[in-house]
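Keep in mind that the numbers below use all heavy atoms, side chains included, and drop hydrogens, waters and symmetry copies. By convention in this document, chain letters (A, B, ...) are assigned in the order of the sequence lines, proteins followed by strands, and residues within each chain are numbered from 1.
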There are 2 protein chains.
Amino acid sequence: MALRERKKLRTREAISTAAIELFVEHGFDQVSITQVAEAADVSRRTLFAYFPTKEDLVVHRFADHEDEPARVVRARPADQSPLVALHTHFIERLRAHDPFTGLTDLPQVLDLYRLLRGTPALMARMLQFNETSERELASALHETAGTPELTARLAAAQIASVHWTLAMSNFDRCASGTSAPKALPTAVKAANQGFALLSSGLAPLWPTTEGSP
Amino acid sequence: MALRERKKLRTREAISTAAIELFVEHGFDQVSITQVAEAADVSRRTLFAYFPTKEDLVVHRFADHEDEPARVVRARPADQSPLVALHTHFIERLRAHDPFTGLTDLPQVLDLYRLLRGTPALMARMLQFNETSERELASALHETAGTPELTARLAAAQIASVHWTLAMSNFDRCASGTSAPKALPTAVKAANQGFALLSSGLAPLWPTTEGSP
DNA sequence: GTGCTAATCTGCACTTAGTCTACTTTTGCA
DNA sequence: TGCAAAAGTAGACTAAGTGCAGATTAGCAC
């Protein structure tokens, strides 16, 4: 990689790191773009060349994971169902304490999560990420499993929402002080339940005599 | 209702109507708050007394439906499962061409939907509505069906996402010119499939020999 | 090294969303 | 009619984000 490219990456990291540090310490709304630019030793204008909005200074760190579910579905063995592939992968990442699952002990990541949850503007941006992820997952299901389009969209929506719920739930436990290894068994159980609900449906939760309309 | 209250409501409506009219004609980003205030014949500052953000000028029209799923679950007969209640209700609203379902012929509503879909900032705001709706549904499930908290959250997430997907799918059909009565059968079939997936799970979609991990 | 080109960085002015404060108008009611 | 409270207004202010014109700097040819 050329010097120019490397320098750009370093600058980008420097800006984002400075931003998150300031945001974590003083709060997202209490720190201005100008202050971030000063801390990172670049001009305000340059900062906007790297990050289109203030929110992106924080959430770009999750951009890598945006297409993870779709990739997992596309990369699965031919004889494996998408749901099993996603389940297996999630449990695997959980055991690896991948921040992607919400289960982590890294103080920096926990701070980052706390910042996200406490800032509506950032949560809104994360939901958009989630929607992109969902759309890509729908495409992957449609293209690799032959699922009809609407069906794929419905399934992807369910899967993405369960995924998000599990990650938030895991994070909440870690943020409130439980260590990752200690939270792992609960997290695995939760993940198993989430994927079981996806796989077998919600009907067994509320058994009644009445049928559907 | 007192004169003061009535006048406030009228002002609120006038502002929102003027705003939507302008936004639909020229685009959300091409119209400034100042222009909206002028069109509604109030001061900029007064406008902000009624609507906290520019986005709210548009999306407040959906605020009524925010807690609809939770209400349906709470109001269901004692012997009915939450899922059946929600399914029945959705089909009912579909037949009534309730804009809440995305199925409508009212040109104003269609314009409004088109505006939403074409404006990322507005979609982001709608996703937040959806999340609130999901949280309230989770509470309703937890409190009225005795579902454990995490289970309720997972179920609510799935239900809310299917709901949203169905509404968007119906809207897309209507926005592309299909009349509501003509789109109804397809919409009912889609709803039945969505709720069937929720009820019985995704496993049957992708039958394989391999089990879960 | 020298110089050229193109990418990058910067300063500055500008627009717009949203807030704050102090002041005026209107409404409900005695 | 008069008064207290609610609602509306004017105008200055902060901060995000954009456009532009000029200064720097990397990459490369010689």
Side-chain angles (χ1 to χ4, degrees), chain A residues 1-23 25-60 115-116 119-126 128, chain B residues 1-23 25-60 115-116 119-126 128:
Chain A
M1 190 180 287
L3 171 61
R4 191 170 266 176
E5 292 297 308
R6 271 183 288 129
K7 201 178 169 188
K8 268 183 81 170
L9 272 185
R10 248 191 308 128
T11 307
R12 193 179 158 83
E13 259 324 279
I15 295 173
S16 169
T17 304
I20 291 176
E21 224 163 87
L22 285 172
F23 292 156
E25 189 173 348
H26 302 106
F28 186 74
D29 298 322
Q30 274 62 56
V31 178
S32 75
I33 289 279
T34 307
Q35 287 173 283
V36 173
E38 274 168 18
D41 209 36
V42 293
S43 76
R44 231 176 70 87
R45 204 62 193 77
T46 299
L47 186 151
F48 279 114
Y50 283 91
F51 298 95
T53 70
K54 192 178 178 185
E55 286 77 28
D56 283 288
L57 285 165
V58 178
V59 302
H60 82 102
L115 177 65
L116 277 175
T119 312
L122 292 175
M123 283 300 276
R125 197 75 183 63
M126 286 302 288
Q128 282 185 291
Chain B
M1 189 181 287
L3 172 62
R4 190 171 266 175
E5 291 299 308
R6 272 182 289 131
K7 197 174 173 189
K8 270 184 81 171
L9 272 185
R10 250 192 306 131
T11 306
R12 193 181 159 83
E13 259 324 278
I15 295 173
S16 169
T17 304
I20 292 177
E21 222 163 86
L22 285 171
F23 292 156
E25 189 174 348
H26 304 105
F28 186 74
D29 297 322
Q30 273 61 56
V31 178
S32 75
I33 288 279
T34 306
Q35 288 173 282
V36 174
E38 275 169 17
D41 209 36
V42 293
S43 76
R44 232 176 72 87
R45 201 59 190 75
T46 299
L47 187 152
F48 279 114
Y50 282 93
F51 299 95
T53 70
K54 191 179 179 185
E55 286 78 26
D56 283 289
L57 285 166
V58 179
V59 302
H60 83 103
L115 177 65
L116 278 175
T119 313
L122 292 175
M123 283 299 277
R125 198 73 184 62
M126 286 301 289
Q128 282 183 290

Contacts of [X] that satisfy side-chain hydrogen bond (donor to acceptor under 3.5 Å, both in side chains) - sequence neighbours left out:
| X | result |
| --- | --- |
| B/Thr34 | none |
| B/Asp56 | B/Thr53, B/Arg125 |
| A/Asp41 | none |

Kindly write out the residues that satisfy ring pair (Phe, Tyr, Trp, His ring centres under 6.0 Å) with B/Phe48, not counting sequence neighbours, or none if the list is empty.
none
Of all residues at least two apart in sequence or in a different chain, which pass the ring pair (Phe, Tyr, Trp, His ring centres under 6.0 Å) check with A/Tyr50?
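A/Tyr50: no ring pair (Phe, Tyr, Trp, His ring centres under 6.0 Å) contacts found.
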State which residues pass side chain to side chain contact (heavy atoms under 4.5 Å, CB included) with [X]; sequence neighbours excluded, sorted by chain then number.
| X | answer |
| --- | --- |
| B/Gln35 | B/Val31, B/Ser32 |
| B/Ala124 | A/Gln128 |
| B/His60 | B/Arg12, B/Glu13, B/Ser16, B/Phe51 |
| A/Ala49 | none |

Nearest-angstrom distance from the residue atom [atom1] of [X] to [atom2] of [N]:
| X | N | atom1 | atom2 | result |
| --- | --- | --- | --- | --- |
| A/Gln30 | C/dT19 | CD | P | 13 Å |
| A/Lys8 | C/dA6 | NZ | P | 17 Å |
| B/Arg12 | D/dG8 | CZ | C1' | 17 Å |
| B/Asp29 | D/dG17 | CG | C1' | 12 Å |
| B/Arg10 | D/dG8 | CZ | C1' | 15 Å |

So if I take residues 41-55 of chain B and measure heavy-atom distances to DNA chain D, which residues fall below 4.0 Å?
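Contacting residues: B/Val42, B/Ser43, B/Arg45, B/Thr46, B/Tyr50.
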Reported OG1-to-CD distance for the pair B/Thr17 and B/Glu21, which is rounded to 0.5 angstrom
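The OG1 atom of B/Thr17 sits 7.5 Å away from the CD atom of B/Glu21.
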Contact list please: residues 14-23 of chain A against DNA chain C, heavy atoms, distance less than 4.0 Å, in numerical order.
none
Nearest heavy-atom contact between B/Lys54 and B/Asp29 is NZ-CA, 4.2 Å
What string of B, S and - do you get for nucleotides 25-30 of chain C, 5' to 3', when a contact is any protein heavy atom under 4.0 Å?
--BS--
